[in-house]
Amino acid sequence: MAEPSRRNDTDERASRAEAALEEVLAERNRLWEELHRQRADEHEAAYYRQLYHQVVSSRSWKLTAPLRSAKWFVRQVPELARRLRRFLSHRPQAPR
Amino acid sequence: MTGIVTVAIPVLNGAEYLDEVLSAVRRQVIDAELELLVVDSGSDDGSLEIAQRHQARIHEIPKIEFTHGGTRNLIMELAQGDRVAFLTQDATPAGDRWLASLLEGFDAAPGVGVVFGPHETRPKASHVLKAEMERHFANWGGGAEIDVQSIDRSPQGLSAYRAEPWRFTFLSSVNCCLDREAWQSVPFREVPYAEDQLLGRDLLEAGYAKVFHPDARVLHSHHYRSFGFLRRYFDEYRGLREVLGYREPAGPLRTLRSIRTLYRSDKAWLRRHGIRGARLAWALAGSLRHHTIRLTGAILGSRAGRLPPGVRRILSLERRSTFEPLPVEESPLLRSDPLVDVRADWGWEFVRRAYPARDVLLDPHSGRTRGATTSAWIVPPWGIGSGGHAVIFRLIAELERRGHSCAIFVFDPFGWNARPGADLRQEIREHFTPVEAQVFVGLEDFDSADIAVATNWWTAYPTRDLPRCREKVYLVQDYEPSFYPASAEELWTEATYRMGYRCIAYTPWLADLLRDQYQLEVAELDCGTDLDTYPFSDEEREPGLIAVYARRETPRRAVELAFAGLATLLERRPGVRVVLFGSPFPQTVPFPCRNLGVVPPSELAALYRRASAGVVFSLTNLSLVTQEMMASGLPVVELDRQNVRSVLGTSGDLATLAEPTPDGIADALEAIFDDRARAMEMAGRARAFVEQRTWNRACDELEQAFADFLASPRANPERRSLALRT
């Protein structure tokens, strides 16, 4: 009776080890994918960073800088006017 | 170090600094005997008396015999030391370790022929000269570390040398130390100027190394008024033009930009040295003046040949009115030829680097095959519609569906692709198959894989040496050596079958060929067909309409043979209409027809459903187009050859196999037109044949092949195939 029991025990340990190994391998594959995804993301980010620098250092971007500044200034006019009014009135603005 | 070291100085009326220079030389601390050698070319200002006071060995030559190169060769002959340090009469060693540092430089690398040190300006020199000297010597070891220059003769090394030769060859005979043995094989050239630049170049090109030692400093600078500087630079650059052919780049914008760059560098230097406010403005005005004068002198000097002799004399500090280019032999490494494009990124470099031949690199492993695998697919760049890539991506997608992990690496030795991996991945997902695998350009991101898969002959070279792989598999889609005439490519392609890959081939014919001819271990894989895109149609077809795969840029499609057969058919039979497809290029055809060019699969499927016969020829592996036509129920004419018979059986089973002659092709097409019932029966069998060949089955075969390969780890991963050993 002792023989089959020992065999069963060995089989069980073997199947537990096999299951553990499968888990480890699955985890390894997940990490492998994660590594590749991360590297791919890094490359993509680097590519778009480079593209951005190409654009902002291009001649056309520099030539059109005054237009962008003017647009920014026009958008700031209401805020500047508000600040100017507050400055002229020497009063802190009442909370709304 | 023992023996004799010589310090040599050519002198002509150098009394102003000579005493200081010789005193500094006599203060040098070295463990060798010091020989002080002065070669005078007619001084009359007391220089000789100064030299005698310092116990220098004096050798006199007539002034007319002096040349920078020739006189230094004479010095080397006269000197007793094995190492000869050169100074000029106004270059004072900056410390007592100057000579020891120069000698130490010879130990910095094997084969050092010459060592040189930096120049420091004298205390009274302007900030412009100080900044200029610092900037210049910072090119070697940042100006602070020992730097070895030698020519790496690989394509990349030669390209770096050709891009900036001065960075390699620069040498100043104002402050350097030459090894006698090196000089004996590479003496100074007998030139009036730039002898040091030529020596630097010649030594490096002869295989010697050159060393910069930051501690071998000398004090050396000139002070002139503005016009004096202009004249000095004129002389210097005239000399460079005469001897080296150097021409200072010039142009209104370019020159202004150069001045601006130098001005900014000076500004940064001045700020680093705490100069601010009005002093900064004043100093920068000086910078602007100096660099303008310097560039004017350089531009005029290097174009002195265009100036009248009188103007040359006025512009020369030496009062020399001549311009005499010297026949100095051009450097074979720097020579440029309009008919030669020297490139470090030569496309075939990957093959050259793959030798000496070796087997695939494999990691030892247990042979375990259960569970999901990781596979890296190394693919060449593609165009939309590429059949080979469609198969690869389809297989990857199927593997992923079964839980395996994949990554795609685009190997692009010819620089055909300029897009990032993310764009390529998007393209695969939009135009081929929606894969999950990440896509990388190049192999730098390769980490590891259970299986690395080479997918064409180029990719077999880098895949062979990828590290951390349990198995290397070669997906052989066609017999690629036959794509080339007798050529290097043919030899290199064939060599990939001797790298020890385990192969997966698409057809029995290809598998047998690889087994018989190269004794390779080959698994077979039957390609699937996209049955949804190419649905079967047994409806009435347009009589006489023939769809012809006319991709003539792929010679193995034998398009001209198809045209010859069709021309014969058109002579025999009225009412035949031909539609060509598959090539983006215009076609030259001996009969009227339509050319659709490259069209999407949906349009092709519509053509296959309308046409009465399809013509596609495969001289090597069976074309996927054949299977797609068969899936659509289109009776196909293929060539009667072993490669086709191995898949499609005998003529009439699944396709009509034509004798490869114009009449044979016309006969096969006429047979299809004349016996429609038989043709449609054949088309039905062909559809049933294709239906068995699903992508699912292809992936089963691929998975099985991977498992079989992994289950039998190589006994000796370092083994070499027999062919390679011989």
Side-chain angles (χ1 to χ4, degrees), chain A residues 3-70 72-73, chain B residues 253 257 363 365-378 396 399-410 412 417-429 435-452 466-470 706-707 710:
Chain A
E3 273 300 309
S5 155
R6 212 169 30 236
R7 199 162 48 233
N8 286 347
D9 185 42
T10 310
D11 289 349
E12 197 179 311
R13 279 169 55 200
S15 67
R16 274 208 304 273
E18 183 66 26
L21 182 58
E22 299 238 329
E23 266 180 46
V24 169
L25 285 175
E27 178 63 6
R28 181 206 65 155
N29 287 7
R30 196 191 62 72
L31 289 173
W32 190 85
E33 279 183 11
E34 184 59 36
L35 172 76
H36 286 92
R37 198 166 18 249
Q38 193 181 331
R39 285 188 179 171
D41 288 348
E42 280 166 13
H43 282 297
E44 195 175 0
Y47 172 74
Y48 284 112
R49 259 198 301 276
Q50 183 205 344
L51 215 59
Y52 163 79
H53 286 298
Q54 266 177 18
V55 170
V56 297
S57 56
S58 70
R59 199 164 287 172
S60 62
W61 184 263
K62 287 176 184 165
L63 283 172
T64 52
L67 292 176
R68 284 189 300 280
S69 300
W72 177 86
F73 182 75
Chain B
L253 272 177
R257 246 184 245 134
D363 270 8
H365 66 98
S366 65
R368 183 190 160 83
T369 58
R370 284 184 63 182
T373 57
T374 56
S375 57
W377 295 71
I378 295 77
I396 290 173
L399 281 174
E400 288 174 340
R401 209 169 52 77
R402 296 168 185 221
H404 300 284
S405 305
C406 304
I408 298 168
F409 295 86
V410 182
D412 180 20
N417 166 64
R419 291 175 300 160
D423 275 15
L424 296 174
R425 183 170 184 262
Q426 192 57 32
E427 186 170 277
I428 296 173
R429 292 170 66 87
V435 296
E436 293 301 322
Q438 300 297 333
V439 179
F440 299 93
V441 177
L443 288 157
E444 289 74 23
D445 288 291
F446 179 86
D447 177 77
S448 60
D450 288 330
I451 299 161
L466 289 177
R468 295 178 292 280
C469 296
R470 291 163 73 199
F706 281 1
L710 285 173

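Everything numeric in this text was worked out from a predicted model, so none of it was measured. No hydrogens, no waters, no symmetry mates; every other heavy atom, side chains included, goes into these values. Proteins get letters first, then strands, A, B, ... in listed order; numbering begins at 1 in each.
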*When you look at CZ of A/Arg68, are more than 12 heavy atoms from neighbouring residues, nucleotides or ligands closer to it than 6.0 Å?*
yes
_Contacting region of A/Arg28 [heavy-atom separation from chain B under 4.5 Å]_ = side chain
*Do you know which two heavy atoms are closest between A/His36 and B/Phe409, and how far apart they sit?*
NE2-CZ, 3.9 Å
*Identify which part of B/Arg425 has an atom lying under 4.5 Å from any heavy atom of chain A, answering side chain, backbone, both or neither.*
neither
*Validation row: B/Arg370, A/Leu21 side chains within 4.5 angstrom (heavy atoms)*: no
*Closest heavy-atom contact between A/Asn29 and B/Ala372?*
ND2-O, 3.1 Å
*How long is the span from the NE2 atom in B/His404 to the CD atom in A/Glu33, to the nearest 0.5 Å?*
12.0 Å
*Picking from B/Ala407, B/Gly421, B/Ser405, B/Ala449, which has the most non-hydrogen pairs under 4.5 angstrom with chain A?*
B/Ser405
*Can you find a heavy atom in the side chain of B/Glu444 that is under 4.5 Å from one in the side chain of A/Arg39?*
no
*Could you grab the distance from atom CZ of A/Arg37 to atom CD of B/Glu436, nearest 0.5 Å is fine?*
8.5 Å
*asked:* Check whether A/Trp32 reaches the backbone of B/Ser448 with its side chain - one donor and one acceptor, N or O, closer than 3.5 Å.
replied: yes
